[in-house]
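Both counts, for ligands and for their atoms, begin at 1 and track the order of listing.
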Amino acid sequence: MAASRYAVIGQPIAHSLSPRIHPLFAAQFSIELSYEAIEIAPAELAVRLPQLHADGYSGINVTLPHKATVAALCESVSERAQLAGAVNCLKRSDTGWVGDNTDGEGLMRDLARLGIAVASQRVLLLGAGGAARGVIAPLLALQPKELVVSSRNPWKPEELAERFKGRGPLRPCTHLALKGDHYDLIINATSAGHDGSMPRLPGPLLVSGGSCYDLSYGKAHAPFAAWAQSQGAAKIADGLGMLVEQAAVSFEIWLGKSPDVEPVLAALRNS
Ligand SMILES: NC(=O)c1ccc[n+]([C@@H]2O[C@H](COP(=O)([O-])OP(=O)(O)OC[C@H]3O[C@@H](n4cnc5c(N)ncnc54)[C@H](OP(=O)(O)O)[C@@H]3O)[C@@H](O)[C@H]2O)c1
């Protein structure tokens, strides 16, 4: 029997670690699976997605720049993906694609794996882009004492507070207005690290013994890691664990099996 076909789509796509992660998951269950990285330009998405269905693909991961636009091409989209305004996982149905978002669940699992608490904690989320939008509802579901969303652009946190109104204690803020605040957990969901920078923040913001988590990994993690160290963080984590955990959620959606993330994470860190 031919191996089931899976893929990740985006542009650019060569950097994606997903083609390494999913075969390692599949090997844990002796499942035959092929997983490709397919580059698709935004203008081609509406034509290529039905084509991938016709070609028999069973599941697709979606990355930039298609996360926000692919929902319109799905026959249905999960509630969490609608809330996040982004789809990163497609499961084949007989007639089309069912969209979901595994990023929020991936972060929650990684925080739990690392023993970083959210319940009853004061949590600061830096950044108000697509990734921030995807993690707010699951963070609020864990009942933090307060979740503050802060960004350079003052309007984006306001829009997020409106979007997630009634889901928990979410407060919009600007980086400057954080002055004098102290948080138990600071999560970096900005993309600043990709150009080697760190959002400009006012003074100490972390309580003694607090934790810092960065959605970025690899070289892009370095600026936030250095800042977290300067804040005296007891725990500093990059987003590689979230990446592997969100992939595990996709794998579960597609194949109904829960892979062990630890050996896969170790393999990625060792390479
Ligand atoms: N580990 C994982 O599995 C995972 C999953 C998803 C995303 N991510 C990572 O999360 C990060 C954010 O992704 P995204 O999709 O949310 O990107 P995005 O939608 O482009 O949003 C980027 C955010 O970063 C802020 N920003 C960018 N450059 C900045 C700078 N120099 N100083 C301060 N703020 C800056 C923007 O601020 P303004 O709003 O003020 O413009 C915006 O809030 C990326 O590094 C991405 O790789 C990781």
Evaluate the side chain to side chain contact (heavy atoms under 4.5 Å, CB included) criterion for residues V149 and L126: first the C-alpha distance (whole Å), next the side-chain angles of each, then the deciding distance (0.1 Å), finally the verdict. CA-CA 6 Å; V149 180; L126 299 170; over 6 Å; no
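Aromatic ring orientation, H22 versus F251: parallel (interplanar angle below 30°, classes split at 30° and 60°). Ring geometry, Y6 versus W254: the interplanar angle falls from 30° to 60°, so the pair is classed tilted.
Salt-bridge formation is detected for the pair K67/D103: a Lys NZ or Arg NE/NH1/NH2 atom is positioned less than 4.0 Å from an Asp or Glu carboxylate oxygen. Ion pair K257/E252 not flagged as a salt bridge, since none of the NZ, NE, NH1 or NH2 atoms sits closer than 4.0 Å to an Asp/Glu carboxylate oxygen.
Residues with a heavy atom under 4.0 Å from ligand 1: K67, D103, G127, A128, G129, G130, A131, S151, R152, N153, K156, A189, T190, S191, A192, H194, S197, P199, L215, S216, Y217, G239, M242, L243.
The two residues D55 and R5 make their nearest non-hydrogen contact at O-NH1, 3.5 Å.
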